[in-house]
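Here the structure comes first, spelled out in structure tokens, and everything after it is commentary.
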Amino acid sequence: MSHRTIFFAGFLGCVILLGIALYMQHVMGLEPCPLCILQRVAVMGVGVVLLIAALHNPSGWGRRIYAGLTLSASLFGLVTAGRNVWLQHLPPDRVPDCGPGLDYMLEVFPLHRALEMVFKGSGECAEVKWSLLGLSIPEWMLLVFSIYFIASLYLLFSRKPA
């Protein structure tokens, strides 16, 4: 399989993930928590890098640079999904209180303070609103970001020319 095919398949995966997220929000009525929104941003970041890489079809160091950028975006997604999963598995008496929405935090606080508040988590991030095969949305995203992370490592260290 060529590197271009891998980049493009990864991009299509991101488009599908974002489509599912929008369907769940607008059709199923599942409002995303602040950490879920950050996971969407990570998916968008991964998708944009992969689309550019697929169009550019780099080799050598170019491929490694795109793989490194994808690795960084997927690592951000792993951290946010991991934090979300951790919050969901807290005992009920240790779950933080619900906080303001991400839009409000970004309007009122500086970016670094808003992100700090999001990563502390809130009760809404600990709520399991939907599951499939026993896994919540953040648990599925942890799996997805792990796959992107591993694929990025492959592209980063692969010696096979495209």
Side-chain angles (χ1 to χ4, degrees), residues 5-54 66-109 111-156:
T5 302
I6 294 171
F7 284 132
F8 191 70
F11 164 72
L12 285 179
C14 290
V15 170
I16 291 168
L17 287 169
L18 290 171
I20 291 169
L22 291 172
Y23 177 84
M24 292 177 117
Q25 180 179 353
H26 297 288
V27 176
M28 295 174 63
L30 300 174
E31 283 301 315
C33 74
L35 283 173
C36 292
I37 293 170
L38 289 179
Q39 289 168 56
R40 286 185 190 183
V41 170
V43 170
M44 285 182 231
V46 169
V48 166
V49 171
L50 292 174
L51 176 61
I52 294 169
Y66 286 120
L69 292 171
T70 305
L71 189 76
S72 298
S74 61
L75 182 60
F76 177 73
L78 276 169
V79 169
T80 56
R83 179 69 176 174
N84 206 332
V85 169
W86 179 77
L87 286 167
Q88 287 184 339
H89 290 277
L90 282 176
D93 61 326
R94 301 230 7 223
V95 172
D97 293 328
C98 288
L102 184 60
D103 292 339
Y104 175 80
M105 286 188 266
L106 290 173
E107 285 178 22
V108 175
F109 300 103
L111 180 61
H112 74 279
R113 178 71 178 121
L115 289 176
E116 181 182 310
M117 291 169 65
V118 167
F119 277 101
K120 282 186 180 176
S122 67
E124 65 183 313
C125 291
E127 184 183 341
V128 177
K129 298 177 182 176
W130 182 88
S131 65
L132 175 67
L133 301 175
L135 297 177
S136 67
I137 297 169
E139 289 169 330
W140 279 108
M141 291 311 298
L142 197 60
L143 177 65
V144 166
F145 285 122
S146 296
I147 291 167
Y148 278 114
F149 188 84
I150 292 166
S152 299
L153 286 174
Y154 167 77
L155 289 166
L156 189 63

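All residue numbers refer to positions in the sequence shown, counting from 1. All values reported here derive from a predicted model rather than from experimental measurement.
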Check: residues 139-152 side-chain donor-acceptor pairs under 3.5 Å, at least two apart:
| from | atom 1 | to | atom 2 | distance (Å) |
| --- | --- | --- | --- | --- |
| Glu139 | OE1 | Ser136 | N | 2.7 |
| Glu139 | OE1 | Ser136 | OG | 3.3 |
| Glu139 | OE2 | His89 | NE2 | 2.7 |
| Trp140 | NE1 | Leu132 | O | 3.0 |
| Trp140 | NE1 | Leu135 | O | 3.3 |
| Ser146 | OG | Leu142 | O | 2.8 |
| Tyr148 | OH | Gly10 | O | 2.7 |
| Tyr148 | OH | Cys14 | N | 3.2 |
| Ser152 | OG | Tyr148 | O | 2.7 |

Just distance, no hydrogens or angles: give the donor-acceptor pairs under 3.5 Å from side chains in residues 24-53, sequence neighbours left out.
| from | atom 1 | to | atom 2 | distance (Å) |
| --- | --- | --- | --- | --- |
| Gln25 | OE1 | Arg40 | NH1 | 2.7 |
| Gln25 | OE1 | Arg40 | NH2 | 3.2 |
| Gln39 | NE2 | Leu35 | O | 3.3 |
| Arg40 | NH2 | Ala21 | O | 3.3 |

Exercise. With side chains defined as the heavy atoms from C-beta onward, is the minimum distance between Asn84 and Thr80 less than 4.5 Å?
Worked result: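 A side-chain contact is absent here, since even the closest heavy-atom pair is not under 4.5 Å.
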Exercise. Do Thr70 and Leu155 have side chains that get closer than 4.5 Å, going by heavy atoms?
Worked result: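 In short, these two side chains do not touch, never coming nearer than 4.5 Å.
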Exercise. Sequence neighbours excluded, which residues qualify as side-chain contact (heavy atoms from CB on, under 4.5 Å) partners of Ser72?
Worked result: none
